[in-house]
Chemist: 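Here's a structure for you.
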Amino acid sequence: QSDEPFRLVVTHLEPPLVPSSVMDLALTLGYFEREGVDVELVRVQQTPSALAALQSGDGDMANIGVDALLQAIAVGADDLRAVTSPNKSLPFLIAAKDSVAAPSDLEGAVFAIGRIGSVDHSLSAEVFDTLGVDIDSMQLFSVGQPNVRAQALAAGQVDATTMSIGTWVSLPDRAGLHVLIDQDAYYAAAPVVSKVNAVPASVLAERPEDVEAVIRALIRISRDFAADPQLWVDAMAEALPHVDRQTLETLAPSYAGSWSINGGMSAAELRETTDWLYRTADFAGMTAPSLDAWVDFGPLDAVLAEVGIVDGADPADR
Amino acid sequence: MTPTHPTIRFAGVSKAFRQRDGSSIQAVQAIDLDVPARQFVAVVGPSGCGKSTLLRLADGLITPDMGTVTIDGAAPVPGPRIGFVFQNFRLLPWRSVLDNVGFALEGSGYSPPDRRDRAMAQLRKVGLEAWADQYPAQLSGGMKQRVALARALVGDPDILLMDEPFASLDAQTRELMQEDLLRLHAERQPTVLFVTHSVDEALLLADRIIVMGRGAVLDDIEVDLPRPRSIEGLQGLPAYATLRARLWSQIRHLVLSDPASAFFGRQPG
Amino acid sequence: MTPTHPTIRFAGVSKAFRQRDGSSIQAVQAIDLDVPARQFVAVVGPSGCGKSTLLRLADGLITPDMGTVTIDGAAPVPGPRIGFVFQNFRLLPWRSVLDNVGFALEGSGYSPPDRRDRAMAQLRKVGLEAWADQYPAQLSGGMKQRVALARALVGDPDILLMDEPFASLDAQTRELMQEDLLRLHAERQPTVLFVTHSVDEALLLADRIIVMGRGAVLDDIEVDLPRPRSIEGLQGLPAYATLRARLWSQIRHLVLSDPASAFFGRQPG
Amino acid sequence: MIGSREERVASPWLVAVTRLGFLLLLLALWWIASQLVSRNVIPTPLATAEAAARLWADGRLAAAVLTSLGTYLGGFALAVLVALPLGIVMGAFGLLGRTLEIYVYALAATPRVAFIPLIIVLLGLGIEAKLFVVFLGAVMPIVINTYAGVRQADVDLVEMAHSVGAGRAQIFRAVVLPGAVPYILAGLRIGATIGLINTVVAELYTAVTGLGGLLALYGNSFRMAEYFVVVLTLAVIGVLVTELLRLLEAHLTRWST
Amino acid sequence: MIGSREERVASPWLVAVTRLGFLLLLLALWWIASQLVSRNVIPTPLATAEAAARLWADGRLAAAVLTSLGTYLGGFALAVLVALPLGIVMGAFGLLGRTLEIYVYALAATPRVAFIPLIIVLLGLGIEAKLFVVFLGAVMPIVINTYAGVRQADVDLVEMAHSVGAGRAQIFRAVVLPGAVPYILAGLRIGATIGLINTVVAELYTAVTGLGGLLALYGNSFRMAEYFVVVLTLAVIGVLVTELLRLLEAHLTRWST
Ligand SMILES: Nc1ncnc2c1ncn2[C@@H]1O[C@H](COP(=O)(O)OP(=O)(O)OP(=O)(O)O)[C@@H](O)[C@H]1O
Ligand SMILES: Nc1ncnc2c1ncn2[C@@H]1O[C@H](COP(=O)(O)OP(=O)(O)OP(=O)(O)O)[C@@H](O)[C@H]1O
Ligand SMILES: [Mg+2]
Ligand SMILES: [Mg+2]
């Protein structure tokens, strides 16, 4: 075991208004400490930086997109393993101008995506598909980062785009905009695991107790929040004094089923996610790896053996 | 253009320059001087006495701290009608010899081919026709000086302000240029202020010689020698010898009496 | 330092400069010239005939295209033991007058206070002690030339290469500087190459006069006038008049016979 | 430049040879690095060359280069058109220059990314926004160097020009600008390189297109060989533009020996 | 500089007044813009001032400034230490300069973002990586301007220095460098501004800290008043550093009248 702090790399700069806030709150509320692990949060902007941090040894665990992890593994970073997922389903929604009343109105309109083949593009295509709308009937516009997409929508430069609910609620002025497809409908249409916490093999080998302690702390805090949403509201209000408490109160119930009470790692869901991703354009021509090539259930199972599995929450099938 | 014949007048003119240490140098001090139309005035005096400053004042390039400089009653306006030969040539390094000379005509409504022709004619007069397309960096010191001369003369100036214009020329070329300048003066009769270090040159060329010392006019000598003059012709005249001796002793006195000079108090060798 | 007395030797030296249009100018052509130790040699000749080029070759600043330049048998190595007065002063604008003079000593092992003292002493000799802390931009033309002179002399050079060193000085200061130079030569006996435009100056100072024309040595005249010399003293001597006339007509001939010159074929005025 | 006046010009052949030698050295270093750094972060030169051939063959690279070049050259041209007059005017009118300079520096020191939201609102996501981002990056170095160059004008030559009666405009054209040429060209070089960088920034932060888009694509999917091809393409464009500027400079300063 | 020699220096008081006047003009324009542009993209000056007071009071801004300044000044200092010698050597040895210049331009034209993954893998997320990003941005303008300045050395003065027997080092110190000062200082100015921009880039793309972190934070959550405070803080730092460089320049060129 090392005396060094355990560096957990996250891709947000302050506790986000979504369930992945458990990583920040577990630190401020002392969950990590209670599990005996000295966690240091390292904040980066985007998944590529987080991945690079894992590879350089400057991070021990990173919360990253599944697509990026699979890409990295596909090109040779084959010692990375997903061990848990505090935010398996990012609460995405599709927001649009008021003039776009129904998804079918988007035909011929401008729809902003990150870029051709990116996850938000593929996910949105899937969502529109289940609603009977062909995404290719829209003018797709590659705009990049989520906040830029939101700005472009707010500025009236595009007609609709995909964003997380956190981004949506932090938009300062939503006049003239509305939610076209909400997060539940979105997830129902495209049920894929979007983010996982990954660790390199070296950390798994050298600091297994720390990895387990982190997973344990995240499960404990998720269970506490699931049991009492008001706890999350209080903690967030403290962490983000500038956010309207009313907003937090509205958001809290919508996350009722989103907390990763059992670690957020369902083998079936992960397998589906792999298959789905490998059908998208970004992975064209590659063969999907088996689950054990990128997931290690070991640490999570050890934790679950200790804290027990809660039925009716996120499945812990293997 | 038909020549006009302006009068230059300095009335109580003083000019100081600030120095690094905050003090100032009085370059020119309470100068009263009238240069009547058509007169050829030579200015002599020891190094640093304010000769170049006087010329810059006359061209309106600097303005006096006190007093006024006027040309025919108005403040001087620099332009090609006032030809200025600077002590340090000041050629534009990025222009050919020809274009350096032509530069003096650019503001004055000549067509480009006209400008070329006049500049070329002037270059011919200073013996540099063959160098028209070269750049200044390729000229010898004397050649640069001749380009500067050509530039000052190309506008047919009514006033000539010349700061040691022949200093870098060999004796013979200098003599020939002096002849040309005398001829020019006889023909067009510009008003001339001519700084020189050579007493002989001053006596050969000028109607009148101003002796400057430490920023002031110390003597003002009418040169009543017969024209046309030549060095050989002058040397026989007693008046020439008298004037020469007077000027010589004036400057000697100035140099030896300046307590700041290394030669202060030294006896003539 | 005790003076040494080097010999400068030019053997078949030619040097051409490329021009913009691709052709070249033969600045110096097949020059054979021996300057024995301690000799004071003046170089005269029309503008652009290669005098400055000759001096730069002697200092090793440029290398000949053909032939060799040697000082006591070896290629010349520039340094403070060869004092060079450039025609265009070349002062460092960002250094004070004192530090410009001191610059010549910086490579040669003097301590900084030593350097200051020597530079100051040299400034005193050219009458600019009071200007030690000023920058070149604040000096008149003649003052700049005196700073350049001081810089060339501060290293107690064994060889002096002087390119019209007194051209910007007033007549009297020039005379006093000439006296100082003659005294220096009598005492330390450096070997001197002295470019001048003044035939009188050449005759006053030199043991021997080289007449150059179009890159070549055209005449080589022993000046067997008695020393110590003074202008006044010389003027009475018949030998002086003869030499003067000879030089004068040589240069006149050169200027008037150059087909590229404006004065080509002109009759003496 | 040191060495006697005569040693100043290296022969073009020699330069070509030493440049090539240095290139080989870089390639060797690159190869070694590709072997040493783990996890395929650095592709081998060979893999990169193959990727380049592939990208060139399917026309993607060429299309991206064309798109990016349009943005780049357009924005750079705008920057030149604004920066030269501004730098000149600031240098010419001392008070104006001293007044504006701190604002110029302030603007120069503010990250372009910081303006992106504003730019999107005002100019949208299209070519206008991109041109503006390139413009913003390239304009400052040109202004700063032009300003410095104009202030350095030779006072003796300016006085000479006054003495022949030249007007302000003529003094600028004939005396001040030619003297400022080396400054302006150094400024153009820096502006050209930063403009290229900002082309990529613009393509990443407004509508994703061109070489910036390819960079994002290959970067996010860790296709490092392709990624390197894009990076090297950018470097080559940078070299071409700055070499053109060198030719321009050689032409403008042909008077100096 | 135009106008006769004597009109060249504007009084510091006058400059202060005109600068202030321009500032008021900018504030007025800002206010108008904040009213015209929809959706709170531009906060009012007042809202920004309040946000500044808030950020200052809770110590966040000061802490971020300190963090960023450390990165910035460290990286800039490194850049100066490398760029000056490199620019000088390139200018001094013609062949070396001509050989290296294209590689320098190539590097200068390659977006820093493109190197970020490599930098993180090799240097991590910490201060080393950040210093390196700042260094990369600041080094090129300084090299390019120093190189240009050294090549512009006055050949007459260099020949004079040779004639007094000065060695290479002395010629550099006494002749070439003083002559290149205006170039070097313009290069330092540009380098300082780009270094500051790259500080933000570094803080955005490696471990998020300092002012770059605040910028991302407020940008992502659309808190525009706070966002503007950070942008203005960056601008002020840029102005302070370039004004310091101006004082340095005035000191180094005090010889020119
Ligand atoms: N750097 C150069 N490039 C091209 N040509 C040059 C260069 N230096 C000198 N020349 C040419 O070489 C010839 C001789 O020049 P040099 O300076 O030696 O003449 P000079 O005798 O000193 O003349 P002056 O008395 O006018 O100073 C001239 O024709 C000149 O144009
Ligand atoms: N720009 C300036 N700044 C400061 N002082 C100056 C400036 N120009 C001239 N001076 C000073 O003014 C005085 C007169 O200078 P000026 O150039 O008029 O002398 P001069 O008579 O032409 O001398 P010379 O014969 O040596 O050329 C000198 O003491 C000089 O130092
Ligand atoms: Mg003078
Ligand atoms: Mg000469």
Side-chain angles (χ1 to χ4, degrees), chain D residues 1-2 4-5 8 10 14-15 18-19 22 37 41 91-92 94-95 98-99 102-103 105-106 108-114 117-118 121 140-141 144-145 148 150-153 155 158-159 162 168 171-172 176 182-183 186 189-190 193 196-197 200-201 215 219 231 234-235 237-239 242-243, chain E residues 1-2 4-5 8 10 14-15 18-19 22 37 41-42 91-92 94-95 98-99 102-103 105-106 108-111 113-114 117-118 121 140-141 144-145 148 150-153 155 158-159 162 168 171-172 176 182-183 186 189-190 193 196-197 200-201 215 219 231 234-235 237-239 242-243:
Chain D
M1 180 71 65
I2 292 253
S4 83
R5 267 175 216 252
R8 293 177 62 214
L14 188 58
V15 170
T18 56
R19 282 182 176 178
F22 196 75
V37 177
V41 175
L95 182 59
R98 298 275 283 116
T99 303
I102 58 166
Y103 299 100
Y105 296 138
T110 326
R112 251 47 88 196
V113 240
L118 219 62
V121 170
M140 291 306 160
I144 292 176
N145 261 19
V150 169
R151 284 194 308 153
Q152 278 307 111
V155 284
V158 170
E159 189 178 71
H162 269 136
R168 261 177 192 270
I171 292 182
F172 257 108
V176 177
Y183 282 88
R189 285 212 183 86
I190 302 174
T193 58
L196 191 53
I197 292 177
V200 172
V201 170
L215 216 50
V231 169
L234 286 166
I237 295 177
V239 167
T242 49
E243 276 291 288
Chain E
M1 181 71 65
I2 293 253
S4 82
R5 266 174 218 251
R8 292 178 62 216
L14 189 57
V15 170
T18 56
R19 282 182 176 179
F22 196 75
V37 177
V41 175
I42 303 183
L95 182 59
R98 299 273 284 115
T99 303
I102 59 166
Y103 299 101
Y105 296 138
T110 328
V113 239
L118 213 63
V121 170
M140 290 307 160
I144 292 176
N145 261 19
V150 168
R151 284 193 308 153
Q152 279 307 111
V155 284
V158 170
E159 188 177 71
H162 269 136
R168 261 176 194 270
I171 292 182
F172 257 108
V176 178
Y183 283 87
R189 285 211 184 87
I190 302 174
T193 58
L196 191 52
I197 291 177
V200 171
V201 170
L215 210 55
V231 171
L234 286 165
I237 295 177
V239 167
T242 49
E243 278 290 287

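So that the names make sense, note that chain A is the first sequence line, chain B the second, and so on, each numbered from 1.
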Chemist: Given a strict heavy-atom distance threshold of 4.5 Å, which part of E:Ala148 is in contact with chain D: side chain, backbone, both, or neither?
Modeler: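 Contact with chain D: side chain only.
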
Chemist: Has D:Arg19 got a side-chain atom pairing as donor or acceptor with E:Tyr103's backbone, closer than 3.5 angstrom?
Modeler: no

Chemist: Among E:Ala186, E:Gly238, E:Gly219, which has the most heavy-atom pairs under 4.5 Å with chain D?
Modeler: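 Going by pairs under 4.5 Å, I would pick E:Ala186.
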
Chemist: Look at D:Val200, D:Ile237, D:Thr242 and state which one has the largest set of heavy-atom pairs under 4.5 Å with chain E.
Modeler: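 The residue among D:Val200, D:Ile237, D:Thr242 with the greatest pair count is D:Thr242.
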
Chemist: Kindly give the heavy-atom pair with the smallest separation between E:Ala109 and D:Leu234, and that separation in Å.
Modeler: CB-O, 4.4 Å

Chemist: Which one of D:Val231, D:Leu196, D:Ile102 has the most heavy-atom pairs closer than 4.5 Å to chain E?
Modeler: D:Ile102

Chemist: Give me the atom names and distance for the closest heavy-atom approach of E:Thr110 to D:Ile197.
Modeler: O-CD1, 3.8 Å

Chemist: Go through the atoms of E:Leu215 and report whether side chain, backbone, both or neither lie under 4.5 Å from a heavy atom of chain D.
Modeler: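 Contact with chain D: side chain only.
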
Chemist: Mind checking ring pair (Phe, Tyr, Trp, His ring centres under 6.0 Å) for D:Tyr183 and listing every partner two or more places apart, or none if nothing turns up?
Modeler: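 Residues passing ring pair (Phe, Tyr, Trp, His ring centres under 6.0 Å) with D:Tyr183: E:Tyr183.
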
Chemist: Of all of E:Asn145, E:Ile144, E:Val239, E:Leu118, which one pairs up most often with chain D through heavy atoms under 4.5 Å apart?
Modeler: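 Of the options given, most contacts go to E:Asn145.
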
Chemist: For D:Thr99 and E:Phe22, work out which heavy atoms get closest and say how close.
Modeler: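 D:Thr99 and E:Phe22 have their closest heavy atoms at CG2-CB, 4.1 Å.
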
